[in-house]
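No hydrogens, no waters, no symmetry mates; every other heavy atom, side chains included, goes into these values. To find a chain, count down the sequence lines: A is the first, B the second, and so on, and within it residues start at 1. Given the structure is predicted, the values throughout are model-derived calculations rather than measurements.
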Amino acid sequence: MIFTSIEYLLFFVAVVFAFFAIPHRFRWMFLLAVSYFYYMTLDPRYAILILTTTIIVYGTALVMHNRSVRVKKLCVAFSVISNLSILFMFKYYNFFNNSLRDLFNALGMGYHVPQLSLLLPIGISFYTFQALSYTIDVYRGTREPVRNFGMFALFVSFFPVILSGPIERSTTLLPQFYKKAEFSYERVTDGLKLMAWGFFQKLVIADRLNVYVSMVYGQPQLFKGLPLMAATYFFVFQVYCDFSGYTDIAIGSAQVMGYDLIPNFRRPYFAQSIAELWRRWHMSLITWFRDYLYIPLGGNRVHRFRLYLNILIVFTLSGLWHGAQWTFVTWGSLNGVLIVLSRITQKARDWIRGTIFGGLARVPASAYFVLCAALTAVAAIGGASGFASTGGRIAAGAGGLAVLALGILRTRGEAYGRFIGKMQKFWMVFVTFHLFTLGAIFFRSKSLTDAWYVITHFLGKNIAHVLLFFKIDDLLMMIGVILLLNVIHLIQERGSIRQMLKSKPLVVRWALYYLMVMGIFMGIQKTAQFIYFSF
Amino acid sequence: MKEFFIKASIFSFLIGFTIFGVIYLPPIDPDRYIMALVDKHRLLETTPQPRIIFAGDSGLAFGLDSRMIKRATGYNIINMGLHGGLGLIYSMDELKPYLRKGDIVIFAPDYTHYMGTGIGDNTLVEVTILFPWIIRYYSKENYMSFISNIPLTFQRRLRGLLFKSKELSTHRRSKFNEFGDNEGHIGMPQPEFKGKEYIQRYLPQVANLNITRFLPDRVNVELVKHLNAYAAYCAAQGVSVYITFSPLMENDRPNQERMLRSLEKDMWAHIRMKVFGDAVGYIYPKKYFFDNEFHLNGTGREIRTRMLIETMKQVPELAFAPKQQVPLSR
């Protein structure tokens with residue numbers, strides 16, 4: 001029962017009705033029952049694993065409470081090792097076993113450790129990390145252990161977050177289960193609007209882009225140039241909308257019932273550096289790694305080289321968390337390397353940027369006008385003299401107009417300064433986005449060989465390939481939804497759209513909600529599995 | 001809470017009205033291809049015994065000469081093949097109210113059906129525009145598909161309202177004959193379709209690929225259950241039910257033969273319908289196909305029907321109809 005199924009909608013409506021109908025003291029039991037039911041609809045066997053994790057974490061937290069440091073250490077070690085062992089066996093064993101086999105074979109040595117045929121429970125990485133945060137918090141003394149087993153089991157299995165997060169903290173989510181949630185018109189409608197936006201992102205944008213991305217990345221060797229480039233850019237937006245859409249549905253579902261989940265995304269593609277992008281992307285995972293791995297490793301308060309090593313460790317492990325494949329490990333490591341490089345080159349890049357954009361800020365208006373005149377001359381007489389082709393003349397003419405606009409803007413002092421500032425910001429966003437896109441090739445590729453093929457065949461303009469399997473209007477629609485997403489993000493950068501709408505008349509609001517829901521119906525594609533379910 | 005329910009109800013009504021209004025209210029071209037369904041149901045009602053009902057998809061509509069089969073066997077023929085999007089479960093369910101003791105049903109679905117579970121797609125919603133009553137033939141699996149395909153049908157209907165319909169002149173209700181065979185394509189030249197050669201022009205690498213699209217080597221386990229349940233139902237009603245093979249466009253023949261042999265073996269082993277015919281015999285070159293790799297042209301249709309008759313002759317029950325025509329009764 002995935003979020004985008006009819007079954008989930010029916011389930012959710014029934015749960016919400018029942019939730020508000022029953023007394024507060026029984027609600028946690030009800031939510032626990034429906035959360036397990038929800039999870040077991042995917043495969044009843046999954047319940048055994050999540051229950052095991054819950055019992056281990058709950059038990060060790062109770063045992064370590066108010067005990068000596070030694071006992072605490074033993075308990076936390078037992079909890080962490082046993083939970084990570086479960087995760088390892090189900091998710092990573094075959095990956096490491098295969099890798100070792102390849103290594104031994106390459107060395108000409110025999111290797112006979114068998115593979116395991118275990119099912120990979122959906123959401124195991126998410127709920128394991130969520131449960132571990134509780135163990136470590138109790139160990140650190142930042143929270144008391146929970147006495148009520150059922151309440152703790154609900155924290156681990158709460159249905160909106162169980163499959164793909166956000167990875168909640170016990171300090172934020174658990175206390176909310178004890179508070180009585182009243183029906184609030186504002187909360188319920190806000191939650192529903194967020195869910196609708198999540199559905200739009202997933203069904204209209206991500207699933208639409210998925211059709212193209214899956215085809216090209218399914219067998220990238222069939223393509224070169226523009227189709228690979230288009231599929232890669234499409235994928236960057238697909239993966240965002242897929243996961244962000246899921247998160248919005250999760251947060252909205254919880255909000256309707258009166259629970260606040262932590263945000264997971266903050267328009268990451270508007271980040272001006274890779275480090276900032278990672279503060280805006282899958283925030284619940286990154287803060288988890290920060291709090292439970294990066295800081296214990298010494299965080300920023302260590303020698304420079306140790307700091308770089310810490311960053312590399314965190315990002316490599318975050319890559320591995322995403323999937324038991326070398327492509328994910330490479331993706332994580334690459335992001336770590338980029339962040340380390342950005343730190344090393346910070347001063348040099350600041351200086352270069354300052355020189356270029358500072359220099360641009362000081363260019364006199366007259367220089368623009370002279371350049372404009374020169375370009376206009378090329379456009380006007382270039383053809384007659386054979387100096388420029390038709391395309392060149394058009395480009396020169398357009399360039400001339402742009403330079404003229406800049407010259408006029410320059411005469412307006414402050415406005416020109418703001419423009420140069422925005423240009424600098426745009427440049428940083430542009431570079432950051434493309435560095436992330438480079439990593440995304442590894443994220444999406446089925447193997448390192450495929451990823452390398454995509455990177456080495458990325459450039460080209462063979463447009464016929466792009467249109468081979470798709471009509472032009474389908475492709476335009478794909479580009480259209482990406483533009484729409486970015487326009488919405490631009491507006492969101494200025495403030496919450498839901499808050500902005502609250503001040504508008506009812507008719508305007510309803511018209512927009514109506515358009516959004518109809519937009520979902522008009523743009524919906526055959527739904528695909530959420531990408532992050534695999535993690 | 002009251003305010004919420006009032007507003008939510010009004011909003012839901014607006015959305016529901018728009019969706020169902022766009023899908024169901026605008027008039028529909030009476031000569032649309034899918035409208036042939038009503039004629040086919042009439043045939044089921046009125047065709048006397050002894051009769052053979054062929055069930056399948058558009059491959060059957062385009063690729064069967066029922067008149068030739070009638071001449072060869074003496075059976076009255078009904079060709080129910082129309083649209084693959086309806087799914088095999090629907091093809092089985094829609095016959096149920098019309099089946100009579102002594103009827104013979106022959107399924108000849110395209111191989112793509114064996115990959116899926118038999119559940120239909122948005123065509124399930126589209127046919128209810130014309131025949132709302134048809135929903136009573138939907139099984140529970142198709143109900144879910146029906147609901148989840150409402151948005152896609154809404155999109156198609158909206159596009160149809162905004163832009164002129166592009167249905168081909170060969171795909172019209174009026175092109176079906178009195179047996180339910182589409183004859184609109186007979187004698188028409190083959191239009192260009194996106195086969196391997198087309199793709200190869202842009203991607204030469206395709207030439208080296210062993211493409212066996214639409215060709216499974218075994219039948220989906222879920223579908224086997226449905227087929228067997230239907231076989232049991234037919235047996236209880238005194239209806240004989242057979243399954244045979246559909247045409248396949250030649251493309252990497254050794255591989256296709258290998259897949260078909262495996263599929264045949266799986267069908268013999270698991271499907272409790274009487275399987276007859278030789279799948280490999282139905283591999284035809286591209287020149288026998290019309291507008292895609294499912295639809296035969298006139299020549300292909302004739303060759304396929306002859307081959308089908310040959311194989312039917314080897315099955316005593318199918319070879320010749322009983323002499324006396326049974327009057328129409330239930």
Side-chain angles (χ1 to χ4, degrees), chain A residues 2 4-10 13 16-17 20-21 182-189 191-193 196 199 203-204 207-208 216 219-224 227 256 462-471 473 477 506 509-511 513-527, chain B residues 1-8 10-23 85 116 119 121-122 125 140-141 143-159 161-163 166 194-211 213:
Chain A
I2 61 170
T4 48
S5 64
I6 301 289
E7 291 92 332
Y8 179 75
L9 286 180
L10 297 174
V13 170
V16 170
F17 270 104
F20 285 112
E182 297 288 353
F183 184 92
S184 153
Y185 178 85
E186 289 283 305
R187 285 189 67 91
V188 170
T189 51
L192 290 175
K193 286 171 212 164
F199 284 121
L203 296 172
V204 180
D207 288 349
R208 181 173 296 279
V216 174
Q219 216 160 357
Q221 283 80 3
L222 284 178
F223 305 91
K224 60 182 174 184
V256 168
N462 36 353
I463 197 154
H465 285 200
V466 181
L467 296 172
L468 187 55
F469 300 100
F470 290 92
K471 293 179 197 156
D473 47 346
M477 187 66 102
L506 183 79
R509 279 184 282 139
W510 273 50
Y513 303 148
Y514 177 83
L515 280 177
M516 182 155 81
V517 176
M518 292 317 298
I520 295 173
F521 275 97
M522 282 191 273
I524 201 167
Q525 293 283 296
K526 290 248 176 202
T527 191
Chain B
M1 200 181 276
K2 192 178 164 189
E3 183 194 2
F4 172 77
F5 281 117
I6 292 169
K7 286 186 177 176
I10 296 171
F11 191 74
S12 305
F13 174 78
L14 280 174
I15 297 293
F17 183 77
T18 312
I19 290 164
F20 285 93
V22 166
I23 293 177
I119 297 169
D121 61 18
N122 54 306
V125 189
K140 63 179 189 301
E141 295 89 351
Y143 275 130
M144 220 32 139
S145 178
F146 175 86
I147 294 169
S148 59
N149 276 297
I150 287 174
L152 280 182
T153 315
F154 169 73
Q155 289 167 26
R156 290 173 73 121
R157 287 287 279 161
L158 195 61
R159 244 196 321 262
L161 289 174
L162 298 174
F163 308 104
K166 287 177 185 167
K194 287 189 179 181
K196 190 172 169 176
E197 291 82 2
Y198 173 86
I199 297 169
Q200 218 170 296
R201 270 192 275 160
Y202 300 93
L203 297 171
Q205 306 93 305
V206 170
N208 304 322
L209 289 176
N210 286 336
I211 293 180
R213 288 193 306 163

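- No more than 12 heavy atoms of other residues, nucleotides or ligands sit less than 6.0 Å from atom CZ of B:Arg156.
- The closest side-chain heavy-atom distance from A:Tyr514 to B:Thr18 is below 4.5 Å.
- Here the CD1 atom belonging to B:Ile147 is positioned 7.0 Å from the CG atom belonging to A:Leu10, to the nearest 0.5 angstrom.
- Taking the six-membered ring for Trp and thresholds of 30 and 60 degrees, B:Phe5 and A:Phe183 have nearly parallel ring planes, at less than 30 degrees apart.
- Only the side chain of A:Leu506 comes within less than 4.5 Å of a heavy atom in chain B; its backbone stays farther off.
- Closest heavy-atom contact between B:Leu152 and A:Ile524: CD2-O, 3.9 Å.
- Here the side chains of A:Phe521 and B:Gln155 are not in contact, with every heavy-atom distance at 4.5 Å or above.
- When heavy atoms are compared at a cutoff of 4.5 Å, A:Phe20 approaches chain B solely by way of its side chain, counted from C-beta outward.
- Taking 4.5 Å as the limit, every side-chain heavy atom of A:Leu192 sits out of range of all side-chain heavy atoms of B:Phe11.
- Looking at every heavy atom in both residues, A:Met522 comes nearest to B:Phe154 through CG-CE2, 3.4 Å.
- The candidate with the highest count of non-hydrogen atom pairs below 4.5 Å against chain A, out of B:Ile150, B:Leu14, B:Val22, B:Leu158, is B:Leu14.
- The shortest heavy-atom contact between A:Trp510 and B:Lys7 is CH2-O, 3.4 Å.
- At most 12 heavy atoms of other shown residues, nucleotides or ligands fall within 6.0 angstrom of atom CE in A:Met477.
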